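Each remark here refers to the structure printed beneath this line.
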Amino acid sequence: MLTKINHIGVAVTSLDEALPFYRDMLGMAFLGIEEVAEQKVKVAMLQVGESKIELLEPTSSESPVTKFLEKNGPGIHHVAYEVEDIEGAIARLEGDGARMIDRTPRTGAHGARIAFVHPKSSNGVLTELCQMAH
Ligand code: CMX
């Protein structure tokens, strides 16, 4: 069902403050910044091997990432796995009893179709499925 880890999401209070560590000190390839209005976040993508690091800065006090930062401070927010058939993956997980936050896919960064599994169903790790736009 899963083909690879697409990205690891890291919650940050400021992209400007966090980027130099990943881009300049670790030397990851910086792919750009994009606002995902539907999710109330601004994301910076950095490539490492065939996976990415996604820095997430909230754009509103109502963003889910604001809530996360208030509770935990900056840190790992989610792991995103790539799938080829997101509807099939959602159906299979729900069939196995997982609690989906998104029962139908939403639009994420780079036009990918995404769906989150609730952290209560995934051992405390917010888990994202993503099907890339071709
Ligand atoms: N990792 C682990 N646990 C988390 C979590 C996270 N990232 N975010 C929240 N939780 C926990 C909370 O601590 C809380 O636990 P307790 O009940 O023990 O206190 C529980 O999950 C519920 O949290 P909540 O924020 O009150 O619940 P909601 O149902 O309102 O929100 C969630 C759930 C996690 C889906 C939402 O907050 C969220 O983060 N959505 C994803 C947003 C996002 O990352 N968008 C970017 C996508 C960009 C892309 O990849 O393309």
Side-chain angles (χ1 to χ4, degrees):
M1 183 167 87
L2 311 176
T3 54
K4 67 175 182 189
I5 292 180
N6 179 277
H7 64 265
I8 294 173
V10 177
V12 301
T13 50
S14 157
L15 292 183
D16 287 343
E17 283 172 21
L19 259 173
F21 173 71
Y22 292 91
R23 183 191 54 204
D24 307 330
M25 293 169 76
L26 293 179
M28 292 182 190
F30 173 51
L31 304 179
I33 291 180
E34 183 182 343
E35 183 161 347
V36 185
E38 199 196 6
Q39 305 273 310
K40 299 187 178 71
V41 289
K42 207 160 69 165
V43 306
M45 284 290 193
L46 299 117
Q47 190 82 37
V48 49
E50 61 167 20
S51 301
K52 293 180 278 282
I53 293 293
E54 178 184 81
L55 304 179
L56 299 150
E57 178 193 297
T59 53
S60 141
S61 57
E62 280 137 46
S63 169
V65 177
T66 302
K67 224 169 162 184
F68 178 90
L69 286 167
E70 282 168 2
K71 190 170 176 187
N72 308 286
I76 292 182
H77 180 263
H78 66 265
V79 178
Y81 300 96
E82 207 164 303
V83 295
E84 276 165 12
D85 169 15
I86 195 162
E87 277 88 359
I90 292 169
R92 185 163 153 189
L93 282 164
E94 283 199 306
D96 287 341
R99 175 173 157 202
M100 296 300 301
I101 290 158
D102 305 298
R103 302 189 68 195
T104 53
R106 289 196 276 171
T107 304
H110 301 296
R113 300 171 70 226
I114 65 172
F116 283 95
V117 183
H118 201 280
K120 296 288 176 204
S121 266
S122 47
N123 305 284
V125 179
L126 178 60
T127 299
E128 177 184 336
L129 306 174
C130 66
Q131 182 180 336
M132 302 316 286
H134 290 297

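What you see is a predicted model; the values in this text were computed from it and never measured. Each ligand, and each atom within it, is numbered from 1 in the order the structure gives. Quick note: residue numbers are just sequence positions, from 1. What you see below is based on every heavy atom in this structure, not just the backbone, and it leaves out hydrogens, waters and symmetry mates.
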Students should be able to answer this: which protein heavy-atom is nearest to [atom], and at what distance?
atom: atom 16 (P) of ligand 1; result: Lys120 NZ, 3.4 Å
atom: atom 8 (N) of ligand 1; result: Phe68 CD1, 4.0 Å
atom: atom 29 (O) of ligand 1; result: His118 NE2, 3.8 Å
atom: atom 51 (O) of ligand 1; result: Ala109 N, 2.8 Å
atom: atom 45 (N) of ligand 1; result: Gln39 OE1, 2.7 Å

Classify the contact between Val36 and ligand 1 as side chain, backbone, both or neither, using a heavy-atom distance cut-off of under 4.0 Å.
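Looking at Val36 and ligand 1, no heavy atom falls under 4.0 Å.
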
Between Pro119 and ligand 1, which residue portion shows a heavy-atom distance shorter than 4.0 Å: side chain, backbone, both, or neither?
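The part of Pro119 near ligand 1 is the side chain, not the backbone.
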
Is the closest side-chain heavy-atom distance between [X] and [Y] below 4.5 Å?
X: Ile90; Y: Pro105; result: yes
X: Leu46; Y: Leu19; result: yes
X: Tyr81; Y: Ile5; result: yes
X: His7; Y: His78; result: yes
X: Val12; Y: Glu17; result: no
X: Val43; Y: Leu56; result: yes
X: Glu54; Y: Met45; result: yes

Does [X] use its side chain to pair, donor to acceptor, with the backbone of [Y] at less than 3.5 Å?
X: Ser121; Y: Arg99; answer: yes
X: Thr66; Y: Pro58; answer: no
X: Glu57; Y: Leu15; answer: yes

Considering only heavy atoms of [X], which atoms of ligand 1 have at least one such atom less than 4.0 Å away?
X: Lys67; result: 24 (P), 25 (O), 26 (O), 30 (O)
X: Leu56; result: 46 (C)
X: Glu54; result: 48 (C), 49 (C), 50 (O), 51 (O)
X: Gly108; result: 51 (O)
X: His78; result: 44 (O), 50 (O)

Give a yes or no on whether a salt bridge exists between Lys40 and Glu62, defined as a side-chain N under 4.0 angstrom from a carboxylate O.
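Here Lys40 does not pair with Glu62 in a salt bridge, since their nearest N and O are not under 4.0 Å apart.
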
Nearest candidate to [atom], where distance is taken over non-hydrogen atoms, out of [options]:
atom: atom 14 (C) of ligand 1; options: Glu128, Arg113, Lys71, His7; answer: Lys71
atom: atom 40 (N) of ligand 1; options: Ser63, Pro64, Gly9, Ala11; answer: Pro64
atom: atom 6 (C) of ligand 1; options: Lys40, His77, His110, Arg99; answer: His77
atom: atom 35 (C) of ligand 1; options: Asp102, Thr127, Val117, Ile101; answer: Ile101

Could you check whether atom 3 (N) of ligand 1 has a protein contact, counting only heavy atoms that fall below 4.0 angstrom?
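So far as the 4.0 Å threshold goes, atom 3 (N) of ligand 1 is in reach of a protein heavy atom.
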
Identify the residue among Thr104, Leu129, Asp102 that makes a side chain to side chain contact (heavy atoms under 4.5 Å, CB included) with Ile86.
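Testing Ile86 for a side chain to side chain contact (heavy atoms under 4.5 Å, CB included) against Thr104, Leu129, Asp102 leaves exactly one candidate, Leu129.
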
Quick one: does Gly124 get within less than 4.0 Å of ligand 1, heavy atoms only?
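In this structure, Gly124 qualifies as a contact of ligand 1 - some heavy atom is under 4.0 Å.
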
Would Val41 count as being in polar contact with ligand 1, using the rule that some N or O on each side must be under 3.5 angstrom apart?
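Among all N and O atoms of Val41, none is under 3.5 Å from an N or O of ligand 1.
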
